[in-house]
*Asks:* 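Have a look at the structure that comes next, please.
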Amino acid sequence: MKKLAQVVLLFAAVLFSRVVHAQIADTEKYDEPYRLQVHFSPRAHWVNDPNGMVYFKHTYHLFFQYYPGGKNWGPMHWGHAVSTDLVHWQELPIALYPDSLGYIFSGSAVVDSNNTTGFGKDGIVPLVAIFTHHDPKGEQTGKDNFQNQSLAYSLDEGLTWTKYSCNPVLKNPGIRDFRDPKVCWFAPAKKWVMTLATKDKVTFYSSPDLKSWTKESEFGKKTGAHGGVWECPDMFKLTLDGKVYWILSVNMNPGGPNGGSATQYFIGQFNGTTFTPIDDKTRWLDYGPDEYAGVTWSNTGKRILFLGWMSNWSYAGQVPTNKWRNAMTSPRQLSLKNIDSNLLLCSNLVQEFDHIKQKEITIGSKVLAGQVMKGLPHQYLLKLRASMAHSFSVTFSNASNNQLVFGYNKSTNQYYVDRSRSGKIDFNPDFGKVSYAPRFSRASISDIKVLFDASSIEVFADKGLSTMTSVYFAGRPFDQLQISRQKGGVSVAKIIPLKSIWRQYAIK
Ligand code: FRU
C-alpha cells in the first residue's frame, strides 16, 4: 500500500512539473490567442500606463504600471522592459515594489548627467525615477493627501533601483488627484521642470536637484476638455518652420472623443514658469478608443518618441485575454504640421519597424476591384493610397464571419473603425461602438498606413495627421481582406508582413 502511494505521488509530481513547465514554455512563446506579435505586452499579468521612459546608453527603457499578482489592476509596481530598437522588447525583473509609503503609481525617469541629485558615485551618472507614491490606507480613510511624489535612482543603467531615503520629495497640499510627475531639464534656467496632474489642471513645479520643489504655475482649469480627471501630463519641444513650440499633452479619463480615456494636447510657449497656449482649441493626439496615458521618452534629443497604453479604462479590466491583460501601442515619432493655419501633431510609426519587415505583397487589380484576398499573414503593415473624392472601406475578416472595418466617409469627412462585428465584444456595452476621427488634411489623395496585429489596429492617415488605435478580439485570426468596390477610392495597396518580435526570446 505504501509503495502504491509512493508511485502515485511520484506520478503526480511528474505530471505537475510537466504542466508547470508547459505553462512557462507557452508563455515564453508569446503565442497565446490574441497575443500581439509586434507590440510590447508583459509575459503575464496586468499592465497599464507606460512609465519612466528614458533612453540611456543605446537602450530604451520602458517601465510600466504592473500588478504581478493577477490580471486585474492591483497594488502597483513598476515592471521593466528594455529595447535597443523600440521594436524588440525584453522583459526584466520588476524595478519598483510598493512600500510603506504606498503603491508605485505613474511617473518618469531622467538621466541626471550633472549629478544634481548627488546620487551618482565615482563618476557614475545616475538614472532617477520620479513617481507617485499612492497610499491606499490614506485613500480609504478619506484623507486628501494620499498621493505624494518620490524618487528612486539606479547606478547600474536601470537594472536595479534604490528608493531615496527622504521620500516623499513633493508633499501633497490636499488635492486628491495629485500624481504622475513627468520631469524634463529646462536648460535656459538650469533647472528641472515637473508637470504634475492635479485633478482638473496641470501644475508646474521646478527644482535644482529633483529633491526640493517649488510651485511655478497652473494651467488648464478653463482650457481644454474636462469630461474627466486629468492624468499623466507631459511637455516637450518641437520645431516647425524654424520656430520652436512647446507641446503640453494631458491624458484624461473619461471624456475622450470616442468615449472613455484619451490624450489631448496644447501647443504654446513655456518660459520656465508658465505655459501660454497659442489658442484654446482642444486637440486629440489619437482619436481611437485605445491609446491612453501616452507620454514621450526622455533623453532622445530632437527626436520626440511617444508610446501609450493600448487600452481604455472603460473596459481594460474586462478584455478577454488569459495570463496577461493589456499592452502598449506602437512607438511613434511626433512632429508638427500646419494645416490652414491650424497647428497639429502628426504621429508616425518609428522607422525602426523596418527591422522586422518581410517581402512586400502587392495587391492586384482584382482585389482593388473588390475581390476578397485570402491567406494573409497575421501581422503586417498595410499601405494604402486613396482618392479622397469618395468614401472607401477596408474589411479585415476571417472564415468565422468576424470582421473589422476601417474606412473613410466622404459625406462627414471622417475616418472610422468599426469593430461591432469583430468577435468578442459583449464583455462591455461600449466596446462595439464605432469610433471616428476627423480628417484634417485637404489633399485630394491620402497616404495611409495601418499597423495590423493579432488584436489591434493602428491607423495613421494623411501621414499621421489623423490617428486611431483600436483593439479587437476575433475568434480566429483575420487572414482575409476586402477593399470596397467604389470607383476611385483605393488605388494602391501593399501589404508588408512583419516578423514577430518575440521569436528571438521564445523557447523552442
Ligand atoms: C492613468 C492612471 C494614473 C495613475 C495610474 C495608476 O491610467 O490612473 O493617473 O498613476 O494609472 O495605475
Side-chain angles (χ1 to χ4, degrees), residues 42 45-53 62-80 94-98 101-109 129-136 138-139 145-152 168 170 172 175-183 194-203 220 225-234 249-256 259-264 285-286 289-296 306-319 324-329 469 471:
H45 309 312
W46 168 271
V47 61
N48 59 288
D49 312 2
N51 293 150
M53 285 154 40
L62 167 61
F63 300 89
F64 46 91
Q65 290 285 280
Y66 184 54
Y67 179 51
K71 57 175 193 143
N72 288 314
W73 190 92
M76 283 288 117
H77 299 55
W78 272 26
H80 189 192
I94 290 172
L96 294 173
Y97 285 79
L101 295 175
Y103 301 164
I104 314 298
F105 268 23
S106 287
S108 51
I130 308 98
F131 60 89
T132 300
H133 256 129
H134 170 99
D135 171 20
E139 183 183 22
N145 60 353
F146 53 86
Q147 295 186 335
N148 295 280
Q149 319 318 317
S150 290
L151 304 180
L170 173 56
N172 191 319
I175 304 174
R176 285 184 68 83
D177 297 290
F178 188 75
R179 59 178 179 268
D180 308 339
K182 179 78 163 64
V183 172
M194 177 198 289
T195 53
L196 191 72
T198 48
K199 192 178 167 207
D200 52 359
K201 55 191 181 307
V202 171
T203 305
H226 282 278
V229 181
W230 283 24
E231 300 182 313
C232 301
D234 190 5
S249 61
V250 189
N251 289 276
M252 187 182 74
N253 176 63
S261 326
T263 309
Q264 61 178 319
L285 192 142
D286 185 314
D290 294 307
E291 182 286 303
Y292 190 59
V295 285
T296 61
F306 175 93
L307 179 96
W309 175 46
M310 196 151 63
S311 196
N312 189 315
W313 281 116
S314 303
Y315 43 73
Q318 297 163 332
V319 295
W324 86 100
R325 248 210 199 115
N326 303 310
M328 297 301 167
T329 67
T469 302
V471 297

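The structure presented is a predicted model; accordingly, all values stated were derived computationally and were not measured. Counting starts at 1 for both ligands and their atoms, in listed order. Side chains included, hydrogens not; waters and symmetry mates left out as well; all remaining heavy atoms used.
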*Asks:* Does some non-hydrogen atom of W313 fall short of 4.0 Å from ligand 1?
*Replies:*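 Yes, W313 has a heavy atom closer than 4.0 Å to ligand 1.
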
*Asks:* With a cut-off of 4.0 Å, which atoms of ligand 1 are near a heavy atom of M76?
*Replies:*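 Near M76, the atoms of ligand 1 are 12 (O).
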
*Asks:* Heavy atom under 4.0 Å from ligand 1: found in W309's side chain, backbone, both, or neither?
*Replies:* neither

*Asks:* Would you say the ring centroid of W78 lies under 6.0 angstrom from that of F63?
*Replies:* yes

*Asks:* Please state which protein non-hydrogen atom is closest to atom 8 (O) of ligand 1 and give its distance, to 0.1 Å?
*Replies:*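 The protein heavy atom lying closest is E231 OE2, 2.8 Å.
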
*Asks:* Run the contact test for N48 against ligand 1 with a 4.0 Å cut-off on heavy atoms, strictly below, and give the result.
*Replies:*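 Under 4.0 Å: yes for N48.
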
*Asks:* Any side-chain heavy atom of W73 sitting closer than 4.5 Å to one from W313?
*Replies:*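 SC-SC contact between W73 and W313 confirmed.
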
*Asks:* Please list the nearest protein heavy atom to atom 10 (O) of ligand 1 with its residue and the distance rounded to 0.1 Å.
*Replies:* D180 OD1, 2.6 Å

*Asks:* Answer yes when R179 and D177 have at least one side-chain N-carboxylate O distance shorter than 4.0 Å, and no when they do not.
*Replies:*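 Salt bridge: yes.
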
*Asks:* Output yes when the distance from some N or O of ligand 1 to some N or O of R179 is under 3.5 Å, and no in every other case.
*Replies:*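 Right, the criterion is met.
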
*Asks:* Could you tell me the residue and atom name of the protein heavy atom closest to atom 12 (O) of ligand 1, and the distance to it rounded to 0.1 Å?
*Replies:* Q65 OE1, 2.7 Å

*Asks:* Hey, are N251 and T263 close enough side-chain-wise for a donor-acceptor pair under 3.5 Å?
*Replies:* yes

*Asks:* Kindly indicate, with the supporting measurements, whether the criterion side-chain contact (heavy atoms from CB on, under 4.5 Å) is fulfilled by E291 and F306.
*Replies:* CA-CA 11 Å; E291 182 286 303; F306 175 93; 3.5 Å; yes

*Asks:* Does only the side chain of N251 get under 4.0 Å from ligand 1, or the backbone, or both, or neither? Count heavy atoms.
*Replies:* neither

*Asks:* Which residues pass the ring pair (Phe, Tyr, Trp, His ring centres under 6.0 Å) test with F178, not counting sequence neighbours?
*Replies:* none

*Asks:* Looking only at atom types and distance, does a side-chain atom of D286 sit under 3.5 Å from a main-chain N or O of T469, one as donor and one as acceptor?
*Replies:*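 Yes; judged by distance alone, with no hydrogens or angles, the pair exists.
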
*Asks:* Any side-chain heavy atom of E231 within less than 4.5 Å of one from D49?
*Replies:* no

*Asks:* Y292 versus ligand 1: do any nitrogen or oxygen atoms come within less than 3.5 Å of each other?
*Replies:*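 Such a contact does not occur with ligand 1.
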
*Asks:* Could you list which atoms of ligand 1 come closer than 4.0 Å to a heavy atom of S106?
*Replies:*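 Counting atoms of ligand 1 from 1, those under 4.0 Å from S106 are 5 (C), 10 (O).
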
*Asks:* To which protein heavy atom is atom 1 (C) of ligand 1 closest, and what is the distance rounded to 0.1 Å?
*Replies:* D49 OD2, 2.9 Å

*Asks:* Using side chain to side chain donor-acceptor pair (under 3.5 Å) as the criterion, list what pairs up with H80, not counting sequence neighbours.
*Replies:*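 Partners of H80 under the side chain to side chain donor-acceptor pair (under 3.5 Å) test: H61.
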
*Asks:* Enumerate the atoms of ligand 1 whose separation from the nearest heavy atom of F105 is less than 4.0 angstrom.
*Replies:* 4 (C), 6 (C), 10 (O)

